[in-house]
Amino acid sequence: MSEHTVRESINRALAEELERDERVFLYGEDVGDYGGLYQVTDGLQDRFGEERVFDTPLSETTLGGTAVGAALTGTRPVVEIMFGDFMAIIADQITNFAAKMYFNYGDGTGVPMVVRTTYGAGDQFGLHHSQSPIGWFQNVPGIKIVAPSTPHDYKGLLKASIRDDDPVIFLENKLRYEDEGEVPDGEYTVPLCRSERKRKGEDVTVVAIGGMVDVAMEAAERLEADGVDAEVIDPRTVVPLDKEPIFDSVRKTHRLVIVHEAATFGGFGGEIAAEVAEEALFYLDAPIERVGAPFTPVPFAENLEEAYLPDEEDVIEAVQNTLGR
Amino acid sequence: MSEHTVRESINRALAEELERDERVFLYGEDVGDYGGLYQVTDGLQDRFGEERVFDTPLSETTLGGTAVGAALTGTRPVVEIMFGDFMAIIADQITNFAAKMYFNYGDGTGVPMVVRTTYGAGDQFGLHHSQSPIGWFQNVPGIKIVAPSTPHDYKGLLKASIRDDDPVIFLENKLRYEDEGEVPDGEYTVPLCRSERKRKGEDVTVVAIGGMVDVAMEAAERLEADGVDAEVIDPRTVVPLDKEPIFDSVRKTHRLVIVHEAATFGGFGGEIAAEVAEEALFYLDAPIERVGAPFTPVPFAENLEEAYLPDEEDVIEAVQNTLGR
Amino acid sequence: MNLNDEQRREIYENLLFARRFEETVLEAYESGGVPELPHLSIGQEAVGVGATYALSEDDWIAPSLRTRAPILMRVPLKEVTAGMYGTVSGPSEGRTTQHHMGSTEHGILGTTGMVGSHLNAAVGAGLSSRQLGDDRVSAVFFGDGATTRGEFHTALNYAAVEDLPVVFIIENNGWTEETPIEQVTAVEEDLIEFAGHDLPSSVVDGQDADEVLAATSEAVDRAREGNGPTLLEMKTYRYRPHAEVIQERRDEAEIKRWKQRDPVKIYRDRLLDDGVVDEAWLEDLDASLREEIEASFEFAQNDPAPPEETMYHVYKDVEVDRDGGVVR
Amino acid sequence: MNLNDEQRREIYENLLFARRFEETVLEAYESGGVPELPHLSIGQEAVGVGATYALSEDDWIAPSLRTRAPILMRVPLKEVTAGMYGTVSGPSEGRTTQHHMGSTEHGILGTTGMVGSHLNAAVGAGLSSRQLGDDRVSAVFFGDGATTRGEFHTALNYAAVEDLPVVFIIENNGWTEETPIEQVTAVEEDLIEFAGHDLPSSVVDGQDADEVLAATSEAVDRAREGNGPTLLEMKTYRYRPHAEVIQERRDEAEIKRWKQRDPVKIYRDRLLDDGVVDEAWLEDLDASLREEIEASFEFAQNDPAPPEETMYHVYKDVEVDRDGGVVR
Ligand SMILES: Cc1ncc(C[n+]2csc(CCOP(=O)(O)OP(=O)(O)O)c2C)c(N)n1
Ligand SMILES: Cc1ncc(C[n+]2csc(CCOP(=O)(O)OP(=O)(O)O)c2C)c(N)n1
Ligand SMILES: [Mg+2]
Ligand SMILES: [Mg+2]
């Protein structure tokens with residue numbers, strides 16, 4: 001084990017997979033020589049050459065479309081889309097193409113592509129560089145959406161995503177690139193489609209997604225001081241969803257808080273809440289609480305963005321609500 | 001009052017608004033001389049001329065992008081996107097542009113555009129001409145999504161959409177163009193953002209969307225014969241949502257079934273269920289039931305598509321479940 | 001490409017095969033109905049046949065909705081016909097139509113119903129070819145209407161910038177669904193003008209399979225030698241409306257004029273003139289093709305409907321239940 | 001367009017104003033920080049100034065992220081500066097940055113952060129102009145990188161097909177964020193080659209405001225007379241990296257070479273040569289512009305932060321609560 005940042009973890013995952021499998025290649029805007037806007041691919045072109053790691057025109061449709069075509073024909077493209085907001089530009093390629101080709105082929109041909117993209121608010125980048133695109137694809141069968149929360153998971157999940165035969169949207173929270181954490185020195189992967197209990201607790205279940213897992217964990221620490229024992233579940237892969245661990249936890253704690261960064265209305269938290277309202281309704285001792293952003297674009301002004309973004313206080317308040325305090 | 005089909009209602013709504021307001025214009029692929037793939041705009045070019053009703057290149061991005069630009073500069077474009085599946089192609093124009101400009105301007109400039117599009121399965125058009133795109137935009141603040149269910153509402157809601165200063169996605173179920181119903185002869189509109197109780201009942205609340213309203217109504221008739229008195233609510237506008245009437249109904253009936261055509265997982269039903277699980281949890285006498293499609297693309301083979309599409313039997317079964325039968 | 005007599009006969013066989021197949025589809029549609037709405041390419045056969053003939057068997061083909069011949073040349077007929085009926089023996093066991101079918105074995109890139117979205121996918125196949133160093137060329141077919149989409153620009157540009165082995169083939173039949181192409185394209189004369197990109201391009205008589213073959217061969221050679229993509233505009237015409245539900249609104253005279261340059265007849269006459277075939281051979285061929293086609297319809301009509309599980313085939317690498325839940 | 005001395009001085013004022021403004025932004029960013037990450041256009045001022053000068057006041061401008069001068073020429077300075085600080089007096093009261101601001105009063109089309117998505121919006125303004133018969137021209141500015149997006153093709157095509165009053169202005173500074181444009185564009189020499197569309201186009205010296213003005217005027221006249229769109233490629237250069245966080249990786253020699261053709265200096269020298277201004281006038285101007293700019297920063301730094309309600313401004317025609325619920 002050693003300490004690494006999220007950025008290093010992703011960079012190493014990419015390097016290891018480029019090394020391991022020559023069908024893997026990496027491309028996107030400025031990912032080559034420059035090493036990517038967030039320097040996540042730094043050094044990879046030097047190491048693997050311009051044929052494996054390269055820059056492209058400023059055309060997301062080309063990135064999305066060629067990735068599908070490449071994945072269908074024997075390679076394993078990893079594409080960088082600079083900001084998650086631009087996922088709207090390749091919604092056709094994702095929704096109508098990548099997600100549907102395994103269904104459309106009869107011979108088991110899969111679509112082993114990974115779209116890495118950044119997401120999230122908190123750096124005053126404004127309404128077009130801060131969105132969380134999960135909601136745009138949560139109703140699309142055939143796509144996998146992965147949102148890691150720790151350096152360990154970023155690395156292991158990215159490696160698993162690259163090896164996976166289904167198309168994966170891999171979400172990187174841009175506020176978290178500097179986060180540090182323990183990462184094994186040797187080879188490992190973290191399985192897709194498996195949630196993890198990040199914290200064991202008895203009083204309330206908190207399901208948190210991506211960058212909000214840390215927020216939930218810190219809220220849980222503070223709640224402990226207050227005598228509240230929160231269980232924190234990180235789905236890691238949100239589509240498709242590993243539901244049982246959530247149901248099990250709610251059956252134990254009888255309370256549920258869901259935390260994500262996108263707007264609450266129409267967001268993925270609704271799906272989790274609905275699942276529980278169907279499968280574990282009578283275990284609930286309190287209404288389900290969702291913590292998310294208000295139904296507005298991400299505002300620019302510092303104070304507005306702060307009010308917009310869910311934080312520990314919001315999680316704590318929601319937990320207290322479920323406890324009737 | 002006289003009997004009209006949905007197709008006629010839409011055609012008349014367009015004609016009346018083109019007549020009333022010279023800022024309104026109508027364009028899209030084959031909507032001019034040919035009258036639109038589904039003949040919805042039949043005769044309008046003849047009547048209003050090529051400057052008000054016209055054909056375009058086969059480019060949805062041009063349609064979406066020019067509509068935003070036109071709406072921002074003093075006109076009121078009505079665009080036809082031939083199939084709702086193609087909404088993925090203009091997701092950027094909808095999500096990042098149309099939905100966000102009122103927020104981005106400080107002077108009250110709105111984006112009075114309407115995107116009319118078809119949706120829905122049931123005619124063996126296959127996975128790329130049968131989708132319900134609500135889920136793709138339900139998490140996008142700033143957009144309005146309207147899904148009518150009767151000839152009366154199609155006409156009144158379309159007229160209201162054209163007069164509205166916000167961008168509207170207007171969804172036309174392609175199986176319903178031939179449906180007939182009573183339509184007032186004189187001028188009227190139906191307000192956006194107001195749900196309607198289509199049927200009064202005491203035993204269970206059924207919230208149904210778009211083409212599923214009829215399915216729910218027919219299920220309700222059959223349930224009545226069985227002694228079950230179902231209340232059917234049609235939100236009509238799904239984003240933003242007129243929530244109170246749903247809560248009120250659930251507080252009265254203590255049971256909730258939600259019906260829509262898209263995949264249940266990640267779909268809009270999750271939002272409704274979550275809202276109720278937050279606001280009216282302790283009024284519920286049974287778990288919330290969602291009726292929707294399975295999490296697969298829309299299949300082509302007749303028997304598969306039939307199995308895929310929610311029907312009266314599914315609604316009846318869900319209602320019976322909430323009644324513990 | 002110098003063709004011997006056998007090859008020339010083979011090309012004719014493929015032309016007639018595509019023609020007879022679609023005529024049969026039309027008959028079946030008009031009598032009992034066919035579940036998949038026919039979008040016939042009758043009149044355009046020479047483009048697909050000539051171009052496919054110029055490719056190696058393991059080159060990739062990315063067809064459009066209208067590109068029937070390459071599918072028929074590569075995929076077993078019963079599979080294609082079953083695909084129209086949505087039965088278990090279709091290319092995706094009834095999950096989808098055969099219009100946009102994909103098959104790795106047969107080198108057909110699966111496509112979507114979004115006209116033109118496959119152009120970049122075909123460029124992606126070119127990327128694979130470069131990554132794997134396997135010399136496979138990718139040929140993408142698309143209509144004139146598709147040239148007005150952004151994919152036309154972005155795919156051509158990327159293929160040209162990266163010198164990828166891609167052949168872009170416009171099947172210019174003069175119409176989108178119901179709009180004449182000249183009404184919606186800002187070019188003076190030909191659609192290849194549209195491509196300001198730095199790549200070779202030419203206009204080809206799409207009714208003459210030999211011309212199509214020659215132009216495509218040159219493009220394929222260029223691609224295989226690492227000299228990048230080519231854009232070919234094949235002038236052609238469909239005899240039927242866009243799809244069988246659609247009312248015909250094109251000029252009768254226009255249709256008639258094009259029928260005078262029928263691709264099947266042009267080729268047959270040439271083979272007869274050159275003494276490569278005689279009437280008896282032609283009749284035998286016709287009879288045997290008709291028989292094979294009939295048999296495929298009979299097969300498809302008796303092929304069973306797919307069981308419901310067939311549609312739960314959405315993820316390759318994980319088991320997911322019908323409600324989006326992971327099965328552990 | 002024949003310019004009198006006053007007009008020439010005005011053009012210079014605008015050039016210097018843009019220059020001094022952005023220099024001040026840079027200073028402010030490097031000392032105390034500015035909430036909006038600066039994406040400076042220093043070096044490119046002549047394009048925006050010359051082109052805007054060619055337009056009528058009520059023509060529409062659709063700027064890119066990099067197009068600062070037109071904003072500064074049309075919008076009150078305090079508003080722009082406040083926009084960078086996200087305070088209540090900014091163009092959207094702090095909801096958004098000033099980068100992509102929109103203002104109906106000032107004829108600025110609001111834009112998104114998606115480079116190039118505004119091209120079709122500008123064509124839409126052209127549609128409005130035709131529908132309303134109001135003769136307004138729409139001028140859209142975009143970078144060389146944006147020419148590789150599909151919008152470039154689709155917007156040009158539609159404007160050309162419909163003869164809409166649109167002027168397309170490429171601000172070709174040779175680079176996307178960090179990739180040289182020639183690496184990603186399949187043209188031989190100039191980006192205007194990219195447009196195979198049937199519309200007039202030309203390459204312009206973007207460092208010379210007079211050249212920009214002349215070329216744009218011609219295009220504007222053409223548009224206003226109903227003769228459709230024009231494509232102009234302005235050759236220019238930014239002195240700073242794409243954005244202030246980004247490491248510079250361009251050649252020092254390249255930067256130096258371009259600085260020798262500085263648009264502000266070119267214009268000043270010309271005015272001096274022609275005796276239109278003297279040193280004293282230049283100094284006065286500089287001092288007064290600096291003062292005005294300083295004042296705007298002081299204003300913005302003291303301008304209050306927006307109240308929380310400011311962000312609940314999402315729908316114009318209905319009241320919606322923060323949870324997406326309709327307020328009845
Ligand atoms: C993106 C998209 N827009 C619109 C359609 C509807 N549509 C199907 S075929 C067609 C016309 C295609 O014209 P062209 O590209 O010339 O091909 P052709 O049918 O003539 O072979 C249209 C508009 C579609 N399928 N996809
Ligand atoms: C659609 C889209 N893709 C990528 C980006 C990230 N990005 C912002 S500016 C830029 C480069 C733009 O280059 P160019 O168009 O030449 O404009 P310049 O900045 O040089 O003026 C990129 C890639 C973006 N904002 N939008
Ligand atoms: Mg065509
Ligand atoms: Mg540039």
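Throughout, a chain's letter reflects where its sequence line sits, starting with A, and its residues are numbered from 1.
Partners of A:A70 according to the side-chain contact (heavy atoms from CB on, under 4.5 Å) rule, which considers only residues two or more places apart in sequence or in another chain, are A:F25, A:T75, A:P77, C:S128. Partners of D:H106 according to the ring pair (Phe, Tyr, Trp, His ring centres under 6.0 Å) rule, which considers only residues two or more places apart in sequence or in another chain, do not exist here.
The distance from atom OG1 of D:T96 to atom CZ of A:F300, rounded to the nearest 0.5 Å, is 8.5 Å.
Across every non-hydrogen atom of D:G86 and A:A301, the tightest pair is O-CB, 3.2 Å. Across every non-hydrogen atom of D:G94 and A:L304, the tightest pair is O-CD1, 3.9 Å. The two residues A:F295 and D:D323 have their closest heavy-atom pair at CB-C, 4.4 Å. Shown here for A:P294 and D:Y312, the closest heavy-atom pair between the two residues is CB-CE2, 3.7 Å. Nearest heavy-atom pair, A:F86 versus D:M114, reported as atom, atom and distance to 0.1 Å: CD2-CE, 3.6 Å.
Within the structure, the side-chain hydrogen bond (donor to acceptor under 3.5 Å, both in side chains) test picks out no pair touching residues 293-309 of chain A (sequence neighbours left out).
Interface remark: A:E60 contributes side-chain atoms only to the contact with chain D (heavy atom separation under 4.5 Å). Residue D:Y85 touches chain A through its backbone alone, counting heavy-atom pairs closer than 4.5 Å. In this structure, no portion of A:T62 lies under 4.5 Å from any heavy atom of chain D.
Contacts with chain D were tallied for A:I89, A:L127, A:T61, A:D85; A:I89 has the most, counting heavy-atom pairs under 4.5 Å. Among A:A88, A:P299, A:P57, the residue with the largest count of heavy-atom pairs under 4.5 Å with chain D is A:P57. Taking D:G113, D:A146, D:S92 one by one and counting their heavy-atom pairs under 4.5 Å with chain A, the maximum is reached by D:G113.
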Checklist entry - How far apart are the C-alpha atoms of D:V245 and A:L37, what are their side-chain angles, what is the distance that settles it, and do they pass the side chain to side chain contact (heavy atoms under 4.5 Å, CB included) test? => result CA-CA 10 Å; D:V245 276; A:L37 182 63; 5.7 Å; no
Item to check | Residue pair A:Y34, D:R249: steps toward the side chain to side chain contact (heavy atoms under 4.5 Å, CB included) verdict | outcome: CA-CA 8 Å; A:Y34 187 70; D:R249 63 184 273 260; 3.5 Å; yes
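Among residues 170-184 of chain D, the residues having any heavy atom closer than 4.5 Å to a heavy atom of chain A are, in sequence order, D:T176, D:E177, D:E178, D:T179, D:Q183, D:V184.
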